[in-house]
Amino acid sequence: VFQFLKQLGIHPDWQFVDVYGMEPELLSMVPRPVCAVLLLFPITEKYETFRTEEEERIKAKGQDVKSSVYFMKQTINNACGTIGLIHAIANNRDKMNFETNSSLKKFLEDSLSMTPEERAKYLETYEAIRVTHESSAHEGQTEAPSIDEKVDLHFIALVNVGGHLYELDGRKPFPINHGETSDDSFLEDAIEVCKKFMERDPEELRFNAIALSAA
């Protein structure tokens, strides 16, 4: 991930750090401020059932999503890590320092006015980011599950946009608004959302949170 940020032309004022546990004393080890959290989790039947119900519930009830939230769909297989990173950076682009010729900066500028679907299509054609992703995709991967397990690991990004905590997942039709948050409470609030993922699948151990923290 660190290599990936460097290759995309982002200055190292922000870094990805592992969140070693959800308890307050372990969270206190994470450098602040934190502007995004990436959660790696397994896609299981329980999760898919929940995802369908959540989508139907939101479609029926509606939700408030600020137009300033940058969201894109996922159309490339196994690119959820890349899309999680783009979601994390895109929704904090005012805090990032990009190199002049940064491929990610250009991608974000070009795609700001696009729909989530158009952004996904644009990424498919955007060599600079895709090649970078493929070269770093297998670094630091946990052991692959055996074939008969039919488990997919998936990345989502949690970000604070305008005082609301959003879950951004390219497999979902829209961002999910998880309620109010602030710069000070963002890490704790995001971890509460991560805990819900874990509680839905108590037998599962493959959860991993990474925070985008000030270096």
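Everything numeric in this text was worked out from a predicted model, so none of it was measured.
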- Any donor-acceptor pair under 3.5 Å from Trp14 side chain to Lys95 backbone: yes
- CG-CZ distance between Leu158 and Phe186, expressed to the nearest 0.5 angstrom: 6.0 Å
- Message: Working note: Thr181 + Asn160, criterion side-chain hydrogen bond (donor to acceptor under 3.5 Å, both in side chains); need CA distance, chi angles, decisive distance, verdict.
- Response: CA-CA 7 Å; Thr181 189; Asn160 170 9; 5.1 Å; no
- Query: Are side-chain heavy atoms of Leu38 and Phe16 found at a separation under 4.5 Å?
  - Reply: yes
- Query: After noting the C-alpha distance and the side-chain angles of Leu112 and Arg93, does the key distance pass the side chain to side chain contact (heavy atoms under 4.5 Å, CB included) rule?
  - Reply: CA-CA 11 Å; Leu112 268 183; Arg93 55 189 181 280; 3.5 Å; yes
- With a 4.5 Å heavy-atom cut-off, do Glu99 and His11 have their side chains touching? yes
- Note on the structure: dist Lys196:NZ -> Leu39:CG (nearest 0.5 Å) comes out at 13.0 Å
- CG of Leu123 to CE of Met114: how many Å apart, nearest 0.5 Å? 10.5 Å
- Task: Decide yes or no on side chain to side chain contact (heavy atoms under 4.5 Å, CB included) for Met96 and Cys35, but give the supporting numbers first.
- Result: CA-CA 10 Å; Met96 301 289 148; Cys35 69; 4.0 Å; yes
- Query: Using 4.0 Å as the upper bound for N to carboxylate O, is an ion pair formed by Arg200 and Glu53?
  - Reply: no
- Query: Is NZ or CZ of Arg119 both nearer than 6.0 Å to the six-membered ring centre of Phe71 and within 45° of the ring axis?
  - Reply: no
- Taking the side chain as every heavy atom from C-beta outward, state whether Leu40 and His154 have any pair of such atoms under 4.5 Å apart. no
- Message: Does any part of the side chain of Ile210, heavy atoms only, come nearer than 4.5 Å to the side chain of Val19, both counted from C-beta?
- Response: no
- State, with a plain yes or no, whether a side-chain heavy atom of Lys59 is found less than 4.5 Å away from one of Glu54. no
- Trace of the side chain to side chain contact (heavy atoms under 4.5 Å, CB included) decision for Phe197 with Ile156: CA-CA 11 Å; Phe197 276 76; Ile156 56 162; 3.6 Å; yes
- Query: Going by atom types only, do Tyr126 and Ser111 share a side-chain donor-acceptor pair under 3.5 Å?
  - Reply: no
- Ile89 and its side chain to side chain contact (heavy atoms under 4.5 Å, CB included) partner, picked from Leu8, Val159, Leu104: Leu104
- Item | Ion pair check, Lys121 and Glu124, cut-off under 4.0 Å | yes
- Task: Could you pull out the closest heavy-atom pair between Ala190 and Leu165, with the gap in Å?
- Result: N-CD1, 3.5 Å
- Message: Using a 3.5 Å distance criterion without hydrogens, assess whether the side chain of Gln63 forms a donor-acceptor pair with backbone atoms of Val65.
- Response: no
- Between Asp64 and Asn177: side-chain donor-acceptor atoms closer than 3.5 Å: no
- Evaluate the side-chain proximity of Ser102 to Phe107: yes if any heavy-atom separation is below 4.5 Å, no if none is. no
- Task: Starting at CD1 of Ile86, measure out to CG of Asn91 and round the result to the nearest 0.5 Å.
- Result: 11.5 Å
- Please assess Ile58 against Phe174 for the test side chain to side chain contact (heavy atoms under 4.5 Å, CB included), listing each intermediate value before the final yes or no. CA-CA 10 Å; Ile58 290 173; Phe174 34 67; 3.6 Å; yes
- Using 4.0 Å as the upper bound for N to carboxylate O, is an ion pair formed by Glu199 and Lys46? no
- Which value, rounded to the nearest 0.5 Å, describes the distance between Ser28 atom OG and Glu23 atom CD? 10.5 Å
- So, Asp110 versus Tyr122: side-chain donor-acceptor pair below 3.5 Å or not? yes
- Task: Could you tell me whether Glu180 atom CD has more than 12 heavy atoms of other residues or ligands within 6.0 Å of it?
- Result: no
- Query: Does some side-chain heavy atom of Phe41 sit less than 4.5 Å from a side-chain heavy atom of Leu153?
  - Reply: no
- Taking all heavy atoms of Ala157 and all of Gly84, pick out the closest pair and write down the distance. CB-O, 3.6 Å
- Message: Given 3.5 Å as the limit, does a donor-acceptor pair link the side chain of Tyr166 with the main chain of Lys66, or not?
- Response: yes
- Message: When you compare the side chain of Met22 with that of Glu192, does any pair of heavy atoms fall below 4.5 Å?
- Response: no
- Query: For the atom pair CD1 (Ile176) and CZ (Arg51), what is the distance rounded to the nearest 0.5 Å?
  - Reply: 10.0 Å
- Message: If the threshold is 4.0 Å, N to carboxylate O, is there a salt bridge linking Lys172 and Glu167?
- Response: yes
- Query: Is there a donor-acceptor contact under 3.5 Å linking the side chains of His87 and Asp169?
  - Reply: no
